[in-house]
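Below, each value reflects all heavy atoms present in this structure, side chains not excepted, and no hydrogens, waters or symmetry copies.
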Amino acid sequence: MRFLTEAELRDRYGKEPFEVYVPETGTRLTPGGRQFLLDRGIRLTEKAVTSGGNHRSGTADGQKEQSPGDKVPATCKQTAEWSRKLCTIQADFLDAGLRLMERDPLAARELFELERALAEARAGREAAFAFTGCTGIPEAQCRKEQEDCFEITGFHAQSPNGITIITLHGLRCRLRELIPEIPEKDRGGICKIINRLSQMICMAFGGKICQKQ
């Protein structure tokens, strides 16, 4: 099974725009790839096999073909708007982890763990990961909003770990943008994840040196 990423779909679309996408046999879309189709209103047609062996579109007899807008994950239905947005950000974490797997496997593995912590926080449970405090973010403050340890600029993007830093910073920005919409009782777990991303950014840029000092 091969996974098609957002980057591959974006490249294909740039060469020849399309309105309908039919996945090739033996491939699946990453969450980022599926979101790319949704953002552009591209209809995703899944292939199914009839009893006669012929391919047809749709999922079952009598069912209409789904458009990308119909494909809302079951866990995201009938929930608050902030929770639906958080579900999309979870997909962003998975996509980012896939993109970093070869370049920075340790960061990728932690992003997969943080995605599970987001799922816990979205369900109203404690974000299930251990937070080790640092000079800039003490453990006692990990569930509160903290300022960035340093401003991310093009200088950091061009550093040896620039791809990792910008990827983590993008995820952190997405979560911070959502914070005002999240009920106060549910913010602690999300802030904890944001602060862990800040620690990962510091480590990617300066190793064990706290960049906040």
Side-chain angles (χ1 to χ4, degrees), residues 1-49 55-103 107-108 111-124 163-164 166-183 186 189-190 193-194 197:
M1 179 67 67
R2 190 171 77 85
F3 288 87
L4 289 174
T5 66
E6 175 187 353
E8 291 179 88
L9 289 174
R10 188 184 299 277
D11 183 61
R12 293 186 188 185
Y13 188 82
K15 293 177 180 177
E16 185 177 350
F18 48 88
E19 297 181 355
V20 178
Y21 178 74
V22 181
E24 296 92 340
T25 302
T27 65
R28 292 186 63 183
L29 293 175
T30 64
R34 188 174 292 271
Q35 189 63 41
F36 175 82
L37 299 181
L38 284 170
D39 291 343
R40 282 156 183 77
I42 298 171
R43 182 160 50 86
L44 175 63
T45 302
E46 304 283 1
K47 281 186 176 181
V49 181
H55 288 286
R56 61 180 175 82
S57 297
T59 54
D61 291 335
Q63 287 188 331
K64 68 176 183 178
E65 189 178 79
Q66 288 184 310
S67 67
D70 295 330
K71 293 175 179 276
V72 179
T75 55
C76 294
K77 292 180 179 178
Q78 298 179 345
T79 56
E81 183 64 22
W82 71 268
S83 185
R84 295 170 70 103
K85 291 179 181 178
L86 190 55
C87 186
T88 300
I89 296 176
Q90 284 178 242
D92 291 338
F93 269 69
L94 293 175
D95 185 56
L98 283 175
R99 287 188 281 110
L100 289 178
M101 279 185 70
E102 292 187 7
R103 182 183 296 272
L111 285 180
F112 293 142
E113 293 175 355
L114 290 180
E115 185 276 329
R116 287 294 78 205
L118 281 174
E120 293 292 318
R122 191 161 62 86
I163 295 296
T164 297
I166 298 306
T167 298
L168 297 175
H169 178 56
L171 295 173
R172 182 174 65 176
C173 289
R174 292 291 308 278
L175 286 174
R176 280 200 174 127
E177 187 177 19
L178 187 60
I179 281 289
E181 301 181 35
I182 301 176
D186 297 312
I190 304 301
I193 293 169
I194 291 173
L197 289 172

Undergrad: Using side-chain heavy atoms (C-beta onward) and a distance below 4.5 Å, is Thr5 in contact with Leu98?
TA: no
Undergrad: Work out which heavy atom in Arg12 is nearest to a heavy atom in Leu4; give both atom names and the distance.
TA: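 In terms of heavy atoms, the two residues are closest at NH2-CD2, 3.7 Å.
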Undergrad: Do Leu168 and Leu111 come within less than 4.5 Å of each other through their side chains, counting heavy atoms only?
TA: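 Heavy-atom side-chain distance check passes, below 4.5 Å.
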Undergrad: Among residues at least two apart in sequence or on other chains, which ones pass side chain to side chain contact (heavy atoms under 4.5 Å, CB included) with Ala91?
TA: Pro31
Undergrad: Does Glu181 have any side chain to side chain donor-acceptor pair (under 3.5 Å) partners at least two apart in sequence or in another chain, and if so, which?
TA: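 Listed in chain order: Lys85.
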Undergrad: Roughly how far, to the nearest 0.5 Å, is CG of Asp95 from CZ of Arg34?
TA: 12.5 Å
Undergrad: Atom CG in Leu86, atom CD in Glu81: separation rounded to 0.5 Å?
TA: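 Result: 11.5 Å between the selected atoms.
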Undergrad: So do Thr30 and Arg99 actually touch side chain to side chain, heavy atoms under 4.5 Å?
TA: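 No, too far: nothing below the 4.5 Å cut-off.
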Undergrad: Please find the pair of heavy atoms, one from Ala96 and one from Leu171, that lie closest to each other, and give the distance.
TA: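 That would be CB-CD1, 4.0 Å.
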Undergrad: Does any non-hydrogen side-chain atom of Leu197 lie less than 4.5 Å from one of Arg176?
TA: no
Undergrad: Can you give me the closest heavy-atom contact between Ile163 and Thr167, atom names plus distance?
TA: O-OG1, 2.7 Å
Undergrad: When rounded to the nearest 0.5 angstrom, what is the spacing between CD1 in Ile89 and CG in Leu178?
TA: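 Separation between the atoms: 5.0 Å.
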Undergrad: Restricting to non-hydrogen atoms, name the atom on Tyr13 and the atom on Phe36 that form the minimum distance, rounded to 0.1 Å.
TA: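 Closest approach of Tyr13 to Phe36: CB-CZ, 3.9 Å.
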Undergrad: With a 4.5 Å cut-off on side-chain heavy atoms, are Trp82 and Ile190 touching?
TA: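 They are not in contact (no side-chain heavy atoms under 4.5 Å apart), so the answer is no.
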Undergrad: Can you sort out the partners of Gln90 under side chain to side chain donor-acceptor pair (under 3.5 Å), two or more places apart, ordered by chain and number?
TA: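 Only Glu115, Arg122 meet the side chain to side chain donor-acceptor pair (under 3.5 Å) criterion with Gln90.
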Undergrad: Only counting residues at least two apart or in another chain, list the ones meeting side chain to side chain donor-acceptor pair (under 3.5 Å) with Glu177.
TA: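 Glu177 satisfies side chain to side chain donor-acceptor pair (under 3.5 Å) with no other residue.
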Undergrad: Kindly write out the residues that satisfy side chain to side chain donor-acceptor pair (under 3.5 Å) with Arg103, not counting sequence neighbours, or none if the list is empty.
TA: none
Undergrad: May I have the step-by-step check of side chain to side chain contact (heavy atoms under 4.5 Å, CB included) for Leu29 and Leu9, ending in yes or no?
TA: CA-CA 9 Å; Leu29 293 175; Leu9 289 174; 3.7 Å; yes
Undergrad: How long is the span from the CG atom in Leu114 to the CZ atom in Phe93, to the nearest 0.5 Å?
TA: 6.0 Å
Undergrad: Holding to salt bridge (charged side-chain N to carboxylate O under 4.0 Å, His left out), I want the full list of residues that pass it with Asp92, two or more places apart in sequence or in another chain.
TA: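 Only Arg174 meet the salt bridge (charged side-chain N to carboxylate O under 4.0 Å, His left out) criterion with Asp92.
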Undergrad: Heavy atoms only: give me the nearest Phe112-Gly97 pair and the separation to one decimal.
TA: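 Heavy atoms of Phe112 and Gly97 come nearest at CZ-C, 3.6 Å.
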Undergrad: Distance check, rounded to the nearest 0.5 Å: Leu94 atom CG versus Leu118 atom CG?
TA: 9.5 Å
